[in-house]
Amino acid sequence: MNVLGIETSCDETGIAVYSGGRGLLAHGVYSQIDLHSEYGGVVPELASRDHIRKTLPLIRSVLAEAGITGADVGGIAYTSGPGLVGALLVGAAIGRTLAWSWQVPSIGVHHMEGHLLAPLLEKEVPEFPFVALLVSGGHTQLVGVEGIGRYLMLGESLDDAAGEAFDKTAKLMGLPYPGGPELARLAERGNPGRFMFPRPMTDRPGLDFSFSGLKTFALNTLNSELRNERDAAGTACLKADIARAFEEAVVDTLVIKCRRAVHETGYKRLILAGGVSANRRLRDRIRLVMEKEGGRAYYPRPELCTDNGAMIAYAGWQRLRAGQSEPLQFGARPRWPMEELPTL
Ligand code: KG4
Ligand code: ZN
């Protein structure tokens with residue numbers, strides 16, 4: 001069965017075709033960065049309007065790239081939550097309408113389940129059970145995964161998500177939106193030894209996170225050190241050193257909690273997914289730690305870490321082939337706990 005995947009939960013229109021027999025046939029992402037950059041963040045109404053403009057043309061071009069037509073599509077999967085309600089409704093309305101007119105089943109996919117299953121699109125597929133670290137712009141979650149839909153929330157962020165912390169810290173350092181990848185790039189040039197940032201909540205038991213204090217720490221460091229800088233070169237170095245210390249702190253904190261989750265569950269496999277899992281330092285550290293633990297880390301290629309249609313097509317394919325589908329009514333679930341998903 002060929003499943004058309006539609007992702008419109010935030011600021012990326014992602015479309016893909018996943019084939020049960022042949023794997024991922026094609027995928028395309030249209031990013032709205034240019035649209036939102038002058039506002040320094042996502043403007044929900046502009047996001048919805050742009051999804052309306054971009055979704056159908058992207059579906060046409062992805063179907064063409066996959067070498068198929070609408071007649072070859074056996075099911076449609078669209079993100080129905082969590083995310084921006086207007087943006088979600090665009091993808092849901094288009095997905096449900098196409099499914100009705102093509103007379104095929106459709107399913108609303110949980111965005112974080114999409115991220116969680118993205119590593120299964122790669123050649124080396126992790127077997128269940130595993131620990132999943134989901135790190136995106138809206139979520140930071142450690143999940144015990146026994147199978148599809150069998151999710152145990154082990155820990156999550158009590159305030160800012162890891163990606164949100166990257167974005168906010170980047171913004172206060174004057175970097176353009178979206179800040180996460182920009183801050184990571186700046187950190188490459190930073191001196192790792194100059195500043196030591198805290199590792200929040202690692203001094204107590206448990207698997208929850210708190211990242212909001214790190215941006216304040218970055219701001220205070222910037223303000224107090226700026227006074228000592230005489231020229232633009234010194235200021236640039238200072239910002240790179242702060243970016244490096246911030247990134248080390250986030251990565252170290254995530255790694256400490258991952259190791260703890262692996263010990264608590266006894267699982268030997270850990271998957272990394274969501275936008276922040278594109279971070280090179282995080283990928284390298286998690287791989288090394290899992291090797292030391294006698295286990296293994298899995299993550300998607302970087303383009304499947306950030307929002308995309310492939311993960312939605314794949315998660316939808318898994319559920320559709322198990323016989324799950326949705327009735328003609330559709331809706332959006334801006335807030336939707338992943339533990340409420342049915343098992344397969
Ligand atoms: O999964 P995603 O594309 O969208 C959400 O579901 O939120 O994640 C986006 C987040 C943003 O906060 C972005 O800054 C962050 O992932 N991100 C990164 C990197 N690439 C994307 N953060 C740190 N380093 C990166 N290389
Ligand atoms: Zn996402």
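Both ligands and their constituent atoms are indexed starting at 1 by order of listing. Computed from heavy atoms alone, side chains included, the values below leave out hydrogens, waters and symmetry copies. Only a predicted model underlies this, so the values are computations on that prediction, with no experimental measurement involved.
With a 6.0 Å cutoff to the six-membered ring centre and a 45° limit on the axis angle, Lys257 counts as a cation-pi contact of Phe209.
If you number the atoms of ligand 1 from 1 as listed, the ones under 4.0 Å from a heavy atom of Val276 come out as 15 (C), 16 (O), 18 (C), 22 (N). Remark: ligand 1 atoms within the under-4.0 Å shell around heavy atoms of Gly138 are 7 (O). Of all the atoms in ligand 1, the ones that sit under 4.0 Å from a non-hydrogen atom of His115 are 1 (O), 6 (O). Counting the atoms of ligand 1 from 1 in the order shown, those under 4.0 Å from a heavy atom of Gly163 are 12 (O). For ligand 1, the atoms closer than 4.0 angstrom to any heavy atom of Asp167 are 11 (C), 12 (O), 13 (C), 14 (O).
For atom 3 (O) of ligand 1, the closest non-hydrogen atom on the protein side is Asp307 N, 3.0 Å. Considering only non-hydrogen protein atoms, atom 9 (C) of ligand 1 sits nearest to Gly137 N, 3.8 Å. Protein heavy atom nearest atom 20 (N) of ligand 1, with residue, atom name and distance: Gly275 O, 3.4 Å.
The pair Asp284-Arg281 does not meet the salt-bridge criterion, since no charged nitrogen lies less than 4.0 angstrom from a carboxylate oxygen. At a threshold of 4.0 Å, the pair Glu113-Arg319 counts as salt-bridged, since one of the basic side-chain nitrogens sits closer than that to a carboxylate oxygen. By the 4.0 Å N-to-carboxylate-O rule, Arg280 lies close enough to Glu188 to be salt-bridged with it. Classification of Glu264 and Arg260 as a salt-bridged pair fails, no side-chain N sitting under 4.0 Å from a carboxylate O. The existence of a salt bridge linking Glu122 and Arg301 is confirmed by a sub-4.0 Å separation between a basic side-chain nitrogen and an acidic carboxylate oxygen. Salt bridge absent: Arg269 and Glu127 never bring a charged side-chain N and a carboxylate O closer than 4.0 Å. In summary, Glu182 and Arg185 engage in a salt bridge, as defined by a charged side-chain N under 4.0 Å from a carboxylate O.
Classified by interplanar angle (parallel below 30°, tilted 30° to 60°, perpendicular above 60°), the ring pair Phe128/Phe130 is parallel.
In this structure, the ring of Phe246 has its center less than 6.0 angstrom from the ring center of Phe166.
Residue contacts with ligand 1 include Pro181, since one or more of its heavy atoms lies under 4.0 Å from the ligand. Residue contacts with ligand 1 leave out Cys10, since none of its heavy atoms falls under 4.0 Å from the ligand.
Screening residues 333-344 for side-chain hydrogen bond (donor to acceptor under 3.5 Å, both in side chains), with sequence neighbours left out, gives Glu326-Arg333.
In His111, the part holding a heavy atom less than 4.0 Å from any atom of ligand 1 is the side chain.
Looking at ligand 1, you'll find an N or O of Gly180 within less than 3.5 Å of one of its N or O atoms.
Around the Zn ion (ligand 2), the protein contributes the following N, O or S atoms at distances under 2.8 Å: His111 NE2, His115 NE2, Asp307 OD1.
By heavy-atom distance, the residue among Asn279, Leu183, Asp160, Val42 lying nearest atom 26 (N) of ligand 1 is Asn279.
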